[in-house]
Amino acid sequence: MKLRFIFAFTAFLLTFLVSQSLTISLSLALFILVFLSMAYRKSISKRYLAIQESAPELIDLLISGVQSGLSLNETLVGLADRGPEVLRPYFRKFKSDLFITGDFEKSITQLKIEIGHHSIDQILECLAMAKILGSNELLSILRLLGSFIREDLSLRSEIAVKQNWIKNSAHISAAAPWILLLLLSTQPTTASAYSTRTGAVVLITGLLLTIFAYLWMNFLSKLPEPERIFSGTTHVGNP
């Protein structure tokens, strides 16, 4: 959060030194602040994608643990050190919760809440059902679920590759006018023109339109996510 404001303030100072225009400097600083905020949101979505891509590896590790004769508790606790990198902090928390409370179902539910991903919900729900009903079919269920998740990842990856060139074009289109404005602001006539009330209105309107267009592009290109059916507490076997 602080870095975004630091970058925006730095951009304001540098632009003001070049253009000597308070209006242009503020507009560019706001532009950078807004798009750094959007970039932060994208970093959160990258974490979500990393969790999704780790699901097949998680299933393979669970199958390996069960096949080696470990209990479900031992298998899940071992993921705190041997699990997918992005999921290790969550399984460390699960390990701590399980040792403190001794309640497997409650710890699994808390783990689902903290990870917050539909694929992980499905995997953990399978484990919760196996803990209550027995694990006779657990391996076949995990293999089938792993196959579905891999197919979904493959399809989403194919769609994302086709969308990337459109997104990159949108990024360039959004930044180009502001880069041009920065270059033109070195001219005294441009700086004086945008320092007027009319110039300020043009800059604000341009900023709002750029933000709207960028958000609309991201909205249209966003793939729908499946609903988290198993996000709540497991009630298997209860009336």
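In what follows, residues are counted from 1 in the order of the sequence shown.
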Are [Y] and [X] co-members of a hydrophobic cluster defined by side-chain heavy atoms under 4.5 Å apart?
{"X": "I141", "Y": "L127", "value": "no"}
{"X": "I115", "Y": "L145", "value": "yes"}
{"X": "V202", "Y": "I211", "value": "yes"}
{"X": "L58", "Y": "V86", "value": "yes"}
{"X": "L181", "Y": "L30", "value": "yes"}

Measuring from atom [atom1] of [X] to atom [atom2] of [Y], what distance do you get when rounded to the nearest 0.5 angstrom?
{"X": "Q122", "Y": "H117", "atom1": "CD", "atom2": "NE2", "value": "9.5 Å"}
{"X": "E125", "Y": "I123", "atom1": "CD", "atom2": "CD1", "value": "12.0 Å"}
{"X": "I63", "Y": "I59", "atom1": "CD1", "atom2": "CD1", "value": "6.5 Å"}
{"X": "L62", "Y": "L70", "atom1": "CG", "atom2": "CG", "value": "11.0 Å"}
{"X": "F12", "Y": "L26", "atom1": "CZ", "atom2": "CG", "value": "5.0 Å"}
{"X": "L124", "Y": "I113", "atom1": "CG", "atom2": "CD1", "value": "11.5 Å"}

Testing the basics here: between [X] and [Y], what is the closest heavy-atom pair and its distance to 0.1 Å?
{"X": "R92", "Y": "A80", "result": "NE-O, 3.4 Å"}
{"X": "E114", "Y": "Y90", "result": "O-CE2, 3.5 Å"}
{"X": "T15", "Y": "S25", "result": "C-OG, 3.5 Å"}
{"X": "F99", "Y": "V77", "result": "CZ-CG1, 4.3 Å"}
{"X": "V66", "Y": "T75", "result": "N-OG1, 4.1 Å"}
{"X": "I32", "Y": "A11", "result": "CD1-CB, 3.2 Å"}

Fill in: Stepwise side chain to side chain contact (heavy atoms under 4.5 Å, CB included) test for F16 and I24
CA-CA 8 Å; F16 187 74; I24 294 177; over 6 Å; no
Worksheet entry | Within 6.0 angstrom of R143 CZ, more than 12 heavy atoms from elsewhere | yes
Practice prompt. Please assess F91 against L111 for the test side chain to side chain contact (heavy atoms under 4.5 Å, CB included), listing each intermediate value before the final yes or no.
Written response: CA-CA 8 Å; F91 281 104; L111 183 60; 3.6 Å; yes
Measure the shortest side-chain to side-chain distance between [X] and [Y] over non-hydrogen atoms and say whether it is less than 4.5 angstrom.
{"X": "T101", "Y": "S107", "answer": "yes"}
{"X": "P84", "Y": "L61", "answer": "yes"}
{"X": "Q67", "Y": "L139", "answer": "yes"}
{"X": "Q52", "Y": "D152", "answer": "yes"}
{"X": "K93", "Y": "D97", "answer": "yes"}
{"X": "L138", "Y": "L72", "answer": "yes"}
{"X": "S157", "Y": "L153", "answer": "no"}
{"X": "F94", "Y": "I108", "answer": "yes"}

Item to complete: Check whether any side-chain N or O of E57 sits under 3.5 Å from a backbone N or O of S54 as a donor-acceptor pair, and report yes or no.
Response: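 It does not hold such a pair.
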Worksheet item: Please walk me through it: do L87 and L79 pass side chain to side chain contact (heavy atoms under 4.5 Å, CB included)?
Response: CA-CA 8 Å; L87 295 178; L79 294 173; over 6 Å; no
Worksheet item: Which residue pairs pass the salt bridge (charged side-chain N to carboxylate O under 4.0 Å, His left out) test with at least one member in residues 194-209, sequence neighbours excluded?
Response: none
Discussion item. Check R150 with D60, please: is the shortest side-chain N to carboxylate O separation under 4.0 Å?
Written reply: yes
Item to complete: Apply ring pair (Phe, Tyr, Trp, His ring centres under 6.0 Å) to F31 and list each qualifying residue two or more places apart in sequence or on a separate chain.
Response: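 Ring pair (Phe, Tyr, Trp, His ring centres under 6.0 Å) list for F31, sorted by chain: F35, W178.
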